[in-house]
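Here is how names work: the chains are called A, B, and so on, in the same order as the sequence lines, proteins then strands, and each is numbered from 1. These numbers were taken from a predicted model, which means no experiment stands behind them.
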Protein chains: 2
Amino acid sequence: MHILIVEDELGIVQFLQQGLQEEGYLVTTANDGSKGFELVQNHQYDLILLDWMLPKINGLDLCKAIRIKDQHTPIIFLTAKDTVQETVAGLKAGANDYIKKPFSFEELVERIKVHFRHKKEDKELTLGTIKIDLSKHIVLKNEEEVTLTQREFELLTYLIQNKGKVCTRNQILKDVWDINFEYDTGVIDVFMNAIRKKLNLKIEEDYIKTIRGIGYIANDL
Amino acid sequence: MHILIVEDELGIVQFLQQGLQEEGYLVTTANDGSKGFELVQNHQYDLILLDWMLPKINGLDLCKAIRIKDQHTPIIFLTAKDTVQETVAGLKAGANDYIKKPFSFEELVERIKVHFRHKKEDKELTLGTIKIDLSKHIVLKNEEEVTLTQREFELLTYLIQNKGKVCTRNQILKDVWDINFEYDTGVIDVFMNAIRKKLNLKIEEDYIKTIRGIGYIANDL
DNA sequence: TGTTAACTTAATGTTCCCTTAAGATTACGC
DNA sequence: GCGTAATCTTAAGGGAACATTAAGTTAACA
């Protein structure tokens with residue numbers, strides 16, 4: 001997650017940058033409005049922290065300018081301007097949140113996280129060149145869609161969710177087929193075969209390995 | 001836009017309800033946590049305003065409970081609990097914003113609008129050559145008007161609003177029919193059929209795809 | 001209150017997927 | 001290398017889910 005900080009007070013910039021990097025974010029900084037505008041024009045950020053009083057272009061105008069081209073990147077004001085009128089103006093300009101200085105770093109981090117919650121959500125499972133998009137219910141191999149049946153889809157999803165762990169036949173029967181007693185007619189084999197065929201998995205790129213006498217395991221190579 | 005207020009202080013409830021209705025919102029209120037929970041379980045709201053200190057179930061627990069089933073409806077805390085720790089706890093529980101009492105109504109409205117910005121954006125819903133104009137309540141295919149019944153309209157709108165995401169039969173029953181228990185007589189199929197027929201959608205040009213065993217998905221091609 | 005449109009249920013037709021089983025192939029122990 | 005057991009592969013039957021149509025029920029409106 002890449003955060004852009006547009007702020008001119010060096011102390012605050014350093015404080016924010018260090019703190020956010022420790023939180024695991026990639027941070028870029030701009031120390032005036034026009035620099036910030038330039039960066040936004042040419043790069044994609046996941047979130048923008050914006051001071052109001054800035055050299056060259058003030059934060060409010062910058063916010064409006066950003067919103068002309070980009071309606072989606074979350075913008076959070078971080079400013080000493082603390083009146084209701086200013087807050088409202090900031091939000092009207094297109095900001096998603098408005099935090100008044102002095103602020104608690106902990107709260108800032110939490111308010112940032114609010115905007116990242118949904119990004120994490122759309123879980124995309126991957127296994128080598130295979131991608132599963134759960135919300136779209138599709139499987140891609142090398143960016144090409146592969147149509148699987150419901151069971152095939154569930155089985156593949158299960159294996160990838162348990163990537164790196166051996167899945168025994170009994171576990172698979174229990175979790176994918178909801179069969180809780182010892183009973184195997186060879187269904188699993190049939191579906192494994194179908195999956196391997198449809199995904200065109202050759203033995204040398206065996207993302208899905210057979211563990212004889214036990215079950216199967218999915219693995220990135 | 002339908003807002004749910006969960007708050008026990010009558011004065012505040014009335015103040016909020018009246019103010020928000022004047023802003024053009026549809027407002028429902030609950031005066032304790034369990035009532036609020038019940039409403040959320042059985043209805044769809046566009047935003048929830050939540051007090052912290054509530055009879056029966058407190059706001060924090062209610063927030064967490066809502067988030068188990070529903071990760072998307074914006075939740076805004078509106079509470080006298082004003083420490084950083086409490087703010088962080090509220091946000092961590094799944095809230096999208098946290099406003100401390102006493103608050104400015106003007107700011108509240110603006111912060112609410114933040115969450116509705118994107119909804120307004122897609123007032124004109126489209127799916128391939130299909131267009132829905134919500135304000136006029138009409139559907140166009142290739143610029144030609146197609147007359148749908150109410151349910152057909154709602155179902156199509158729902159699918160297009162969730163374009164690119166799989167809608168399960170249960171979700172559809174819940175959100176379009178407001179049926180919250182396992183119960184399917186085949187109504188959905190009948191309406192899907194009607195929609196496909198009226199919009200002249202062949203299965204091979206699958207703007208609306210059937211996902212066997214799951215539900216349906218709308219997709220631009 | 002009668003008529004009509006819309007919604008729901010029920011019945012039938014159709015498609016496609018899951019399962020089974022049986023033969024072919026591979027892995028492993030001796 | 002040979003035999004055995006596990007796995008792979010294939011194809012067909014049966015069944016579940018969906019599509020479609022029609023009939024029954026409700027709701028709306030004149």
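- Distance from the side chain of A/V190 is smallest to D/dT9 among D/dT9, D/dA6, D/dC18.
- When rounded to the nearest whole Å, the span between CD1 of B/I211 and P of D/dA16 equals 22 Å.
- Salt-bridge annotation for A/R151 and A/E154: present, with a side-chain N of the basic residue lying under 4.0 Å from a carboxylate O of the acidic one.
- Using a 4.0 Å heavy-atom distance criterion, A/Q150 is classed as a sugar-phosphate-only contact.
- You'll find that the side chain of B/R212 is closest to D/dA17, out of D/dA17, D/dT9, D/dA19.
- Contact between the side-chain N/O atoms of B/N193 and the OP1/OP2 oxygens of D/dT20 is found at a separation under 4.0 Å.
- Put simply, CG on A/N170 is 13 Å from P on D/dA6, counting in whole angstrom units.
- Nucleotides of DNA chain C that come within less than 4.0 Å of any heavy atom of chain B span, from the 5' end to the 3' end, C/dA6 to C/dC17.
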Could you pull out all donor-acceptor pairs under 3.5 Å where a side-chain atom in residues 212-221 of chain A meets a protein atom, sequence neighbours excluded?
unit_1 : atom_1 : unit_2 : atom_2 : d
A/Y216 : OH     : A/R169 : NH2    : 3.2
A/D220 : OD1    : A/G128 : N      : 2.7
A/D220 : OD2    : A/K163 : NZ     : 3.0

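- At least one side-chain nitrogen or oxygen of B/R169 sits closer than 4.0 Å to the OP1 or OP2 atom of D/dC18.
- Among the nucleotides D/dT21, D/dT10, D/dT7, the one closest to the side chain of A/K197 is D/dT10.
- Residue-to-nucleotide proximity on DNA chain C shows that, of B/L148 and B/G186, the 5′-proximal contact is made by B/L148.
- Dashed line: the shortest gap from a side-chain N or O of A/Y216 to OP1 or OP2 of D/dC8 is under 4.0 Å.
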Stepwise side-chain hydrogen bond (donor to acceptor under 3.5 Å, both in side chains) check, B/S135 with B/D133: CA-CA 6 Å; B/S135 59; B/D133 188 326; 2.7 Å; yes

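- Between the side chains of B/R111 and B/S104, no donor-acceptor pair of N or O atoms lies under 3.5 Å.
- Sequence order on DNA chain D of the closest nucleotides to A/G215 and B/I214 puts A/G215 first from the 5' end.
- Computed from coordinates, the B/K198 NZ to D/dT20 P distance equals 15 Å when rounded to whole Å.
- Rounding to whole angstrom units, CG of residue A/D189 and P of D/dT10 are separated by 14 Å.
- A/V84 and B/E106 get closest at one heavy-atom pair: CG1-OE1, 3.9 Å.
- Salt-bridge annotation for B/D51 and B/K101: present, with a side-chain N of the basic residue lying under 4.0 Å from a carboxylate O of the acidic one.
- Closest approach of B/Q44 and B/T73 over heavy atoms only: NE2-OG1, 3.7 Å.
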